[in-house]
Enquirer: 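Questions regarding the structure given below will be posed in turn.
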Number of protein chains: 2
Amino acid sequence: MADSEADFLANYDPSRYPPVAVTVDVVAFTIREGRLNVLLVRRAGPPMRDMWALPGGFVGEWEDLPTAAARELAEETGVANAHRRLHLEQLGTYGAPDRDPRMRVFSVAYLAFAPHLPDPVSGTDAREAAWVPMDERPETLAFDHTTILADGLERARSKLEYSPLATRFVDEEFTIADLRAVYETVWGEPLHAGNFHRKVLSVPGFVEGTGATTERGGARGGPRAKLYRAGDAQLLHPALLMPSREEAVR
Amino acid sequence: MADSEADFLANYDPSRYPPVAVTVDVVAFTIREGRLNVLLVRRAGPPMRDMWALPGGFVGEWEDLPTAAARELAEETGVANAHRRLHLEQLGTYGAPDRDPRMRVFSVAYLAFAPHLPDPVSGTDAREAAWVPMDERPETLAFDHTTILADGLERARSKLEYSPLATRFVDEEFTIADLRAVYETVWGEPLHAGNFHRKVLSVPGFVEGTGATTERGGARGGPRAKLYRAGDAQLLHPALLMPSREEAVR
DNA sequence: TTAATAGTGTCTATTAGACAATATATT
DNA sequence: AATATATTGTCTAATAGACACTATTAA
């Protein structure tokens, strides 16, 4: 039994299968100056040279998928793999037979969030990379990256509802107003400050107070705000629902 | 420009990349005799001969991912690709470097639901296939399928909360009690009949009445029940939350 | 006749959201 | 002094969930 399995593996010839490749592509969001930004790269070589695309590349031979995604992100932004506050989750896999003209390529897309990600550095392949505000992004990206980005945005928007993800977009210590700015930026609509405040504090484990306050009040007046850090909740219950969800139900 | 892109493609040699393969594996759930069942196959050949596994296989050269998943399911169950009430969604991709001893294999897992799926037929490769009640499933499956199945179950459980997925587990016309049985089966806990009834009817677009009733009352008494069919909602709002969610938040 | 079930009524606690009020900062 | 902001208070409508009740049907 064990022998036959060993024999099988010794005689196994992978090359008789049609060649396919697997890449990871990363939808990386950060917030800069009150706007949601996505990391894009301009392709340096064919195919689709000079088009904007999501950062990504082939998965290394001995590399795990999340490791590959973190590496691709690090190559563009210099963010260390182990960046403490980086959130990385799998978004989905895109494998339409004609999505890449070179060969059959399956792309495993990842979604990344972090506060204050640094300005992009030139990648190893010297391609241009930039943080692009979502409302100024090119209408179409290379390959099917337009779809992937749209899916990533939708995932981010709904993840804010039931997960404490928003705390990944702010500093380690933050005010309720900081957190509200994240929701308003990603959801694209204003929230009622008072109700939001009370709601956040009412969700168990979402945030915990530090006892400290900001050094100064708001830029244009107002008292100092209490500082909080992320709590231990993995799921927000009850959830913070998008105001526009109601109509988007069908 | 166009020329250089054409040149590039003509000279592109896929074989210089290390060989990888992409498979689809399907977590197919159905409800039989009040129990949640999953479709498993017993592996006919190496590696891991005779172990139970999720149905799946290599993605065809010109095949889309959802098409491949539907085909794999059809090969085991005879369910036509276009089965009207089959729900199929991508669950995630599993690509740990050592998950398959033969070579680097990435598996794109799909989640499938349908009512009354037929008894498995022998697949083309003559392997044994069976519907297995979830509480009698083998402790470990081949490869990383134990993990994939666990992820699929978790996805199914939470999808019932905010999507009208439960209507895919019942006949086209169903009673509120039929629907409640789905929730109780997948969530594994009893629900209050009266409150569930009112709740379902209060969610816009979840179900719509047909005007008809069942021919007979319940097996052990009770009035005839009104019949409903699935409504047009894509999202349940407000959601039906699992009773045990509250504690599972951290 | 007994028991099970469908469907509805009622009550309470919780929550969402509109709106207001107060105190504390900034310019 | 004028204005912006953080935080808390109040009120109303909607909702979840516990419990009870009625009508209908099978055995």
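The model shown is predicted, which means the values in this text are computed figures rather than measured ones. First the proteins, then the strands, lettered A, B, ... as listed; each starts at 1.
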Enquirer: Could you tell me whether B/R229 and B/E208 have a side-chain N and a carboxylate O separated by less than 4.0 Å?
Expert: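 Judged by the 4.0 Å cut-off on N to carboxylate O distance, B/R229 and B/E208 do form a salt bridge.
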
Enquirer: Strictly by modelled atom types, are A/N37 and A/T30 linked by a side-chain donor-acceptor pair under 3.5 Å?
Expert: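 Side chains of A/N37 and A/T30: no pair found under 3.5 Å.
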
Enquirer: How many whole angstroms separate atom CG of A/L241 from atom P of D/dT15?
Expert: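 Roughly 12 Å, once rounded to whole Å.
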
Enquirer: Atom CE of A/M242 and atom P of C/dG17: how far apart are they, to the nearest Å?
Expert: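 Computing the A/M242:CE to C/dG17:P distance gives 12 Å.
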
Enquirer: Is the distance between the ring centroids of A/Y94 and A/F106 less than 6.0 Å?
Expert: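 Here the rings of A/F106 and A/Y94 have centres that are no less than 6.0 Å from each other.
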
Enquirer: Let me know, please, whether B/N195 or B/D178 comes out on the 5' side of the other along DNA chain C by nearest nucleotide.
Expert: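 Final value for this comparison: B/D178.
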
Enquirer: Grab the CZ-P distance between B/F196 and D/dG17 for me, whole Å please.
Expert: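 That distance rounds to 12 Å.
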
Enquirer: If you compare all heavy atoms of B/L86 against all heavy atoms of B/A114, which two are closest, and at what distance to 0.1 Å?
Expert: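 That would be CD1-CB, 3.9 Å.
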
Enquirer: Could you state the CG-C1' distance from B/L201 to D/dT15, rounded to the nearest angstrom?
Expert: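 From B/L201 CG to D/dT15 C1': 15 Å.
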
Enquirer: Can you see which heavy atom on B/A109 is nearest to which on B/I148, and at what distance?
Expert: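 For B/A109 versus B/I148, the nearest heavy atoms are CB-CG2, 3.6 Å.
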
Enquirer: Check if the side chain of B/R198 and the base of C/dG9 share a donor-acceptor pair of N or O atoms closer than 3.5 Å.
Expert: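 Check passes, donor-acceptor contact within cut-off.
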
Enquirer: When the distance from CG of B/L227 to C1' of C/dG7 is rounded to whole Å, what number comes out?
Expert: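 To the nearest whole Å, that distance equals 14 Å.
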
Enquirer: State whether a side-chain donor-acceptor pair under 3.5 Å links A/T147 with A/D144.
Expert: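 Per modelled atom types, A/T147 and A/D144 side chains form no pair under 3.5 Å.
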
Enquirer: Taking atom C1' of D/dA6 as reference, at what distance in whole Å does atom CG of A/L179 sit?
Expert: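 About 15 Å, once rounded to whole Å.
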
Enquirer: Just how far, in rounded Å, is P of C/dA6 from OH of B/Y228?
Expert: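 For the pair B/Y228 OH and C/dA6 P, the rounded distance is 11 Å.
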
Enquirer: From the options C/dA6, D/dT8, D/dA18, select the nucleotide whose nearest atom is closest to the side chain of B/A177.
Expert: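 Output: C/dA6.
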
Enquirer: Assign each of A/A225 and B/G194 to its nearest nucleotide of DNA chain D by heavy atoms, then name whichever residue's nucleotide is nearer the 5' end.
Expert: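 Counting from the 5' end, the first nearest nucleotide belongs to A/A225.
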
Enquirer: Quick one: which of D/dC19, C/dT8, D/dT8 gets closest to the side chain of A/H197?
Expert: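 Among D/dC19, C/dT8, D/dT8, the one nearest the side chain of A/H197 is D/dT8.
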
Enquirer: Rounded to whole Å, how long is the line connecting atom NE2 of B/H192 with atom C1' of C/dT8?
Expert: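 Result: 12 Å.
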
Enquirer: Can you tell me if B/R220 has over 12 outside heavy atoms packed within less than 6.0 Å of its CZ?
Expert: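 No.
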
Enquirer: Write down the protein N/O and nucleotide N/O pairs, taken from nucleotides 24-27 of chain D, whose separation is under 3.5 Å; answer none if there are no such pairs.
Expert:
residue: D/dT24; atom: O2; partner: B/P223; partner atom: N; Å: 3.2
residue: D/dT25; atom: O4'; partner: B/G222; partner atom: O; Å: 3.1
residue: D/dT25; atom: O2; partner: B/G222; partner atom: N; Å: 2.8
residue: D/dA26; atom: O4'; partner: B/G221; partner atom: N; Å: 3.3
residue: D/dA26; atom: O3'; partner: B/R216; partner atom: NH2; Å: 3.1
residue: D/dA26; atom: O3'; partner: B/A219; partner atom: O; Å: 3.2

